[in-house]
Amino acid sequence: MDSLSKKEIETIKQAQNGSIKAFDTIFYKYKNYIEKILVIYLQDEDEAHDLANVVFVKIYNNLEKFKNYNNFKGWITTLTKRTAIDYIRSVKKKMVSIDDTEQSIQLTNKELDNLYGSDMKEIYNDALNIINSLSKTSRTVCKLFYIYNLTIPQIQMKTGMPEGTIKSALCRSRNQIKNKLKLC
């Protein structure tokens, strides 16, 4: 890894002793570096930006334990990668599995009234029936996007499908739903 100058080592030591100014210096020096690593892991710039803050909290909380000044960047890199992996694992646990999207999603009449009003209940149920009648790929993508509110990169990570396949499936699904609901 990169060898640190005496000034950089002194900055780290000052941050270890509680200097906010020194920690700010570390923050601004490594912010872009950490975000680039996180983008590689998460494939989402917004999530990477948010998770970078978590990494800096971990750096701040563990800085006093750090001793190997010649490997500071390596320590930050390892901490960043581990944070990204932990985050991905926690998101995967929260994400619905593709098999779960095969199950019909139904809301009670009361939930539908609260969400949409009684007039929209029929349209919601019709749209849900249409989604359930789509091909497996379109149904999965459509449910992950519209019902579970996943982004295209999240669907790509979850399913392993190429971005173009996901976008095509969404476009086809949207057109089929519009045509069947006569909303064109």
Side-chain angles (χ1 to χ4, degrees), residues 30-59 73-74 76-117 119-184:
Y30 292 99
K31 181 180 183 296
N32 289 336
Y33 174 74
I34 288 171
E35 286 181 355
K36 285 178 185 176
I37 293 171
L38 293 172
V39 166
I40 291 168
Y41 276 84
L42 304 177
Q43 299 295 308
D44 185 301
E45 287 184 26
D46 291 332
E47 281 183 293
H49 179 73
D50 292 342
L51 197 58
N53 293 325
V54 173
V55 171
F56 278 107
V57 169
K58 288 182 177 186
I59 290 169
K73 192 171 185 179
I76 286 178
T77 302
T78 300
L79 193 64
T80 302
K81 288 178 179 179
R82 287 181 180 164
T83 302
I85 290 167
D86 289 344
Y87 176 78
I88 290 167
R89 285 180 184 150
S90 73
V91 167
K92 282 186 178 180
K93 284 180 184 177
K94 291 177 187 173
M95 278 186 183
V96 66
S97 72
I98 294 172
D99 294 334
D100 290 343
T101 65
E102 295 303 310
Q103 298 173 3
S104 180
I105 299 167
Q106 295 295 328
L107 296 176
T108 66
N109 285 337
K110 185 177 181 179
E111 290 171 321
L112 285 170
D113 285 344
N114 289 339
L115 285 173
Y116 303 110
D119 295 339
M120 295 299 290
K121 203 179 343 182
E122 189 175 323
I123 293 174
Y124 171 83
N125 284 326
D126 289 345
L128 197 53
N129 288 333
I130 293 167
I131 291 170
N132 286 328
S133 72
L134 298 172
S135 70
K136 183 176 181 175
T137 300
S138 293
R139 180 175 54 242
T140 298
V141 169
C142 198
K143 285 183 178 183
L144 290 173
F145 188 79
Y146 290 111
I147 296 172
Y148 295 108
N149 296 318
L150 298 183
T151 63
I152 290 173
Q154 288 171 326
I155 295 170
Q156 187 177 12
M157 194 165 73
K158 179 72 178 158
T159 64
M161 292 179 200
E163 182 179 334
T165 302
I166 295 167
K167 288 180 177 179
S168 294
L170 286 171
C171 184
R172 277 193 313 273
S173 301
R174 193 174 313 123
N175 289 334
Q176 286 177 315
I177 293 167
K178 281 182 181 179
N179 290 336
K180 290 184 179 181
L181 289 176
K182 296 174 181 53
L183 295 176
C184 297

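Because the structure is a prediction, the values reported are computed rather than measured.
- Between the side chains of Y41 and T80, not a single donor N or O lies within less than 3.5 Å of an accepting N or O.
- Note that NZ of K31 and CZ of F56 are 8.0 Å apart. Values are rounded to the nearest 0.5 Å.
- Cation-pi geometry between K73 and Y33 is satisfied (NZ or CZ under 6.0 Å from the ring centre, within 45° of the ring normal).
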May I have the list of side-chain donor-acceptor pairs in residues 161-172 shorter than 3.5 Å, sequence neighbours left out?
| residue | atom | partner | partner atom | Å |
| --- | --- | --- | --- | --- |
| E163 | OE2 | K167 | NZ | 2.7 |
| S168 | OG | G164 | O | 3.0 |

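- Under the rule for a side chain to side chain contact (heavy atoms under 4.5 Å, CB included), the partners of V54 that lie at least two apart in sequence or sit in another chain are L51, K58, T83.
- For the atom pair I34 CD1 and I76 CD1, the distance stands at 5.0 Å (nearest 0.5 Å).
- A donor-acceptor pair shorter than 3.5 Å cannot be found between the side chains of S173 and Q176.
- Note that CG of D50 and CD of E35 are 9.5 Å apart. Values are rounded to the nearest 0.5 Å.
- Judged by distance alone, the side chain of R139 and the main-chain N or O of L134 form a donor-acceptor pair under 3.5 Å.
- Of all the heavy atoms in V39 and A48, the pair that sits closest is CG2-CB, 3.5 Å.
- Under a 3.5 Å cut-off, the side chain of Q156 and the backbone N or O of P153 do not form any donor-acceptor pair.
- Atoms CD and OH, on Q154 and Y148 in that order, are 14.5 Å from each other to the nearest 0.5 Å.
- Remark: I40 pairs with no residue by the side chain to side chain contact (heavy atoms under 4.5 Å, CB included) rule, at least two apart or across chains.
- Considering only heavy atoms from C-beta on, T78 comes within 4.5 Å of R82 through its side chain.
- Residues I88 and L42 are in side-chain contact: their nearest non-hydrogen atoms beyond the backbone lie under 4.5 Å apart.
- In this structure, the separation between CD1 on I152 and CG on L150 is 11.0 Å, given to the nearest 0.5 Å.
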